[in-house]
Amino acid sequence: MPDKVDFDQITRKALQNEFLQLALSRATGTFKNNRTRAAADLGYFEELRERAKEAKDRALLNLDVYLPRLEENVRARGGQVAYARDGREVIEYILNLAREKGLKTVVKGKSMTTEEIYLNPALEAAGLEVMETDLGEYIIQLVGERPSHIIGPAIHKTKEEIGRLFEEKIGLPYTDQPEVMTQAVRVKLRQKFLDADLGITGANFAVAETGTIVLLENEGNIRMSTTLPKVHVVVMGLEKVVADMEDLSSLLRILPLSAVGQRLPSYVSFLTGPGRREGEGPEELHLIILDGFRSKVLADPDFRQILRCLRCGACLNFCPVYARLGGHSYPWVYSGPIGVVLTGAAMGAEAAANVVASSTLCQACGQVCPVKIELPSLILKLRQRLARGDRKLELLLSVAGKVLAAPLGFDLAGRAAGKASRVVLDPDGAVRRGPEVLKNTGQGRCLPRLAEEPFHRSMFKGNEK
Amino acid sequence: MSAARDDILNRVKKALAGGPPPNPRRLPPEPNRETRSREELKREFSERWVNLGGRLRLAGSPRDLEEIIREISREYPGPAAVATSALDVAPDLKGILEKLNLEVWSAHPDQARDAAFGLTGAFLAMAYSGSLAVRSDPPGELSASLVPPVHAALVPVDRLIYGPTEAIRRLGASGWPRAASFITGPSRTADIELNLVMGVHGPGQTYAVLLDF
């Protein structure tokens, strides 16, 4: 379900929030520059994109082969595998497991998939203690918000806000020093890692050939969550499977380059089955493969390609709309261009209508996507789907099409538009009068006045002279 | 849950039926970009490791290694959590630790958490990204490289390779270990207003000690 947001109100607030505007432009600017520099430095980035795209397509178009293969190989190494049709089944599985084994405390690695199914509130409601352990996720868990960026969940928070939050919630004397705050969280979470019964993470990739779960991170919290607790649960969307290690190599290189311009992040973990020795490693590994909206999108030939998404955040960083609105203006946990398209494909175009309309179609997202998802044309497709449902607009466009196709109609319409723009537009270009449909689309926009005489007329006049 | 499995796999099959041919054209295999001389590997690895905030030390003899361990233990005084792989790659280490009178702890997380630094070997090191690889099969390598505030890895120079493709091939060559990690510099975050802070949950300082003797 999309979150209920009053789009006009929330975007107006976002645009007027000076800190947010600064934070967004700094964060997206830094990520963009680093990504651009690192891609150029690599020397074969475009070739790598092609390989990454092919690797994802190979897995997606053969999911019926690779999912069972992954399952078989995880089992062969002693892991357990479950499928979940929706978030509810994921939650049920984890709660059953917790009841059966007496698991009470949970440490979590950052995972968009668990955000998508609102896992934390459900586990907490059932009496489990759930700690997000990525610093950014920890911060937004304390305030009860959702991540505003895939890679930087708390980029919308000032260090002063975080300082006050830590003072109130974890008793750290007020400071605005990121080093001090980070150290305090290290100390606090260290004990949690050592005591936790259960580690829950997502997966960046799952390799069918070997049954290996691959996770990328910079902080070390995912290594902690997968090394110390006795049980590890992986929640992954079914599109995370890749065929083999050769395909993984391309994807492993392009993901951190696209996300933040790193060749590799601080830690990449390859986890193949459970096994505990001298306090290291889980006794049990459970892989939960989630469908949710995914098989539905797979069946949609236009939108199937969005299942290639690696959740790198590059399309957010390069999007001029995201850079002004921030992640919380979008209707679901996924924001930016990929969020628009995921929401539209998963829940119907109507659910994404506001953010679909806000797109500038500048094409930047399509140019940077590491797996070549055609984001701009998919946003256009959503616009078409929205328009298709609108009877009045359909009628208007079909009449307009017929009128404009005839030379006389074209001439008359051009002259009428020139006159009308003088009536409808205020001197500042704002649309304040005229029919409802114009006022609605023109709200908040300034339009130039049209020439009184259409171009095709003045052009011929010029020739006659 | 097996009902869910059948349901999902059926939906997937149905979604794919009548779609494009199942095997997209395979690109020609990636050209080998990973050939480098020993000297190039050393130079590229060192450059990247240091750029990311790691410290690099070169040991050309057991004496050098002794000096390096002395330096680390002076800056970070206290017990060392030692993984067996450190002793495997540098047989002189045992004598050095005794000579320096260092308290040697196991790498079990319950001990490693209070150690001043962790000492491990490394399965390999990668020049492409300035990374080390550690694995679960030498006991304690994962914890000693993760839990203490400082990690020092001893890396024989002949374990330097270029890139991830070769690293992945070697890691899986005789069956994948339960766990393996690439480590690239210290643990880091930029989650508070993009300020880079080292040592969030993993070590805030990392040493790569290249052994060339």
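To find a chain, count down the sequence lines: A is the first, B the second, and so on, and within it residues start at 1. Note that the coordinates shown come from a computational prediction; the quantities given were computed from them, not determined experimentally.
Using a 4.5 Å cut-off on side-chain heavy atoms (C-beta onward), B/Arg5 and A/Arg85 make no contact. A/Val185 has its side chain out of reach of B/Val200: every pair of non-hydrogen atoms, C-beta onward, lies at least 4.5 Å apart.
Both the backbone and the side chain of A/Ala27 come within contact range of chain B, each with at least one heavy atom under 4.5 Å from a heavy atom of that chain. Residue B/Val134 touches chain A through its side chain alone, counting heavy-atom pairs closer than 4.5 Å. Interface residue B/Leu9: only side-chain heavy atoms are found under 4.5 Å from chain A. At a 4.5 Å heavy-atom cutoff, the contact between A/Ser269 and chain B is made by backbone and side-chain atoms alike. When heavy atoms are compared at a cutoff of 4.5 Å, A/Ile213 does not approach chain B at all. For A/Asn73, no part lies near chain B; criterion is any non-hydrogen pair under 4.5 Å.
Between chain B and the options A/Leu271, A/Leu228, A/Thr182, heavy-atom pairs under 4.5 Å are most frequent for A/Thr182.
Applying a 4.5 Å heavy-atom cutoff, the residues of residues 215-223 of chain A that approach chain B are A/Asn218, A/Glu219, A/Gly220, A/Asn221, A/Arg223.
Salt bridge present: A/Arg26 and B/Glu193 bring a charged side-chain N and a carboxylate O closer than 4.0 Å.
In this structure, the separation between CG on B/Leu146 and OH on A/Tyr267 is 6.5 Å, given to the nearest 0.5 Å.
When all heavy atoms of A/Ser266 and B/Arg188 are compared, the closest pair comes out as OG-NE, 3.2 Å.
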